[in-house]
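Have a look at the structure below, then the notes.
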Amino acid sequence: MVDRFEQFSLAIMEISRHWHKLAADEMENHGLKGSHAVYLLTMYRYPEGITAPRLCEICGKDKSDVCRMMPILEEKGLVKKEGVHQNLYRGGYKLTQEGRTVAEYVRRRAALAVELAGRDITPEKREIFYEVLGTIVGNLREIIKDGLPRQ
């Protein structure tokens with residue numbers, strides 16, 4: 001019998017693998033990598049702009065990833081840097097009109113993927129699922145912060 005840890009870990013890894021494959025396939029149409037999707041979706045929610053540290057925090061990425069990804073999005077004309085005389089962490093980033101168009105496309109495609117992936121789940125089960133998922137994330141954050149207790 002598969003124990004809870006193995007079942008949970010394998011399911012999370014498989015979901016992640018499938019999500020990354022879908023994101024890569026969709027972003028390839030725009031000459032981008034799947035990892036760009038999370039930045040575009042996040043920046044779409046902040047039309048007034050967002051700083052690199054805030055992107056790190058919201059996207060769960062480290063500074064080096066943001067340092068690599070933002071110049072690529074800028075080169076593609078999807079993002080513009082505000083406060084050009086500011087360094088990476090003091091200035092802000094904003095989607096260009098083309099960036100908003102691509103982000104809107106990505107949002108629609110992501111919503112379709114989520115809808116299709118959850119098509120057999122009732123609204124009640126979905127609500128419970130997200131509540132439980134949020135609880136697990138919160139508990140794991142706490143464990144990481146405090147360390148795993150010795151037994």
**Request:** Please answer: with hydrophobic residues joined when any side-chain heavy atoms are less than 4.5 Å apart, are Leu10 and Phe5 in the same cluster?
**Result:** no

**Prompt:** Counting heavy atoms not belonging to Glu104, are there more than 12 under 6.0 Å from its CD?
**Reply:** yes

**Prompt:** So does Arg107 have more than 12 non-hydrogen atoms from other groups sitting under 6.0 Å from CZ?
**Reply:** no

**Prompt:** How about Lys61 and Val38: do any of their side-chain heavy atoms sit closer than 4.5 Å?
**Reply:** yes

**Item:** Side chain to side chain, Tyr39 and Leu32, heavy atoms closer than 4.5 Å
**Value:** no

**Prompt:** Any donor-acceptor pair under 3.5 Å linking the side chain of Thr96 with the backbone of Leu78?
**Reply:** yes

**Prompt:** Is there a donor-acceptor pair under 3.5 Å between the side chain of Lys33 and the backbone N or O of Ala24?
**Reply:** no

**Asked** Once you round to the nearest 0.5 Å, how far does CG of Leu148 lie from CD1 of Ile143?
**Response** 6.0 Å

**Request:** Enter the distance from Leu41:CG to Tyr46:OH here, rounded to the nearest 0.5 Å.
**Result:** 12.5 Å

**Item:** Ser16 (side chain) donor-acceptor with Ile12 (main chain) under 3.5 angstrom
**Value:** no

**Prompt:** From Asp65 CG over to Met70 CE, what is the distance, rounded to the nearest 0.5 angstrom?
**Reply:** 8.5 Å

**Request:** State, with a plain yes or no, whether a side-chain heavy atom of Ile58 is found less than 4.5 Å away from one of Arg54.
**Result:** yes

**Prompt:** Can you check whether Lys94 reaches Met43 side chain to side chain, under 4.5 Å on heavy atoms?
**Reply:** no

**Item:** Same apolar cluster (I L V M F W Y, side chains within < 4.5 Å links), Tyr44/Val66
**Value:** yes

**Request:** Give a yes or no on this: more than 12 heavy atoms of other residues, nucleotides or ligands lie within 6.0 Å of atom CD of Glu48.
**Result:** yes

**Item:** Nearest heavy-atom neighbours spanning Ser35 and Met69
**Value:** OG-CE, 3.2 Å

**Message:** Within this structure, what is the NE2-CD distance for the pair His36 and Glu26, rounded to the nearest 0.5 Å?
**Reply:** 15.5 Å

**Asked** What pair of heavy atoms forms the shortest contact from Arg68 to Pro71, and how long is it?
**Response** O-CD, 3.6 Å

**Asked** With a 4.5 Å heavy-atom cut-off, do Leu40 and Val102 have their side chains touching?
**Response** yes

**Request:** Taking Arg126 for its side chain and Ile121 for its backbone only, find out whether a donor-acceptor pair lies under 3.5 Å.
**Result:** yes

**Prompt:** For atom CZ of Arg45, is the number of surrounding heavy atoms from other residues, nucleotides or ligands below 6.0 Å larger than 12?
**Reply:** yes

**Complete:** dist Asp62:CG -> Cys67:SG (nearest 0.5 Å) comes out at 9.0 Å

**Prompt:** Roughly how far, to the nearest 0.5 Å, is CZ of Arg141 from NZ of Lys145?
**Reply:** 11.0 Å

**Request:** Cation-pi check, Lys80 to Tyr93: give yes when NZ or CZ is under 6.0 Å from the six-membered ring centre and within 45° of the ring axis, no otherwise.
**Result:** no

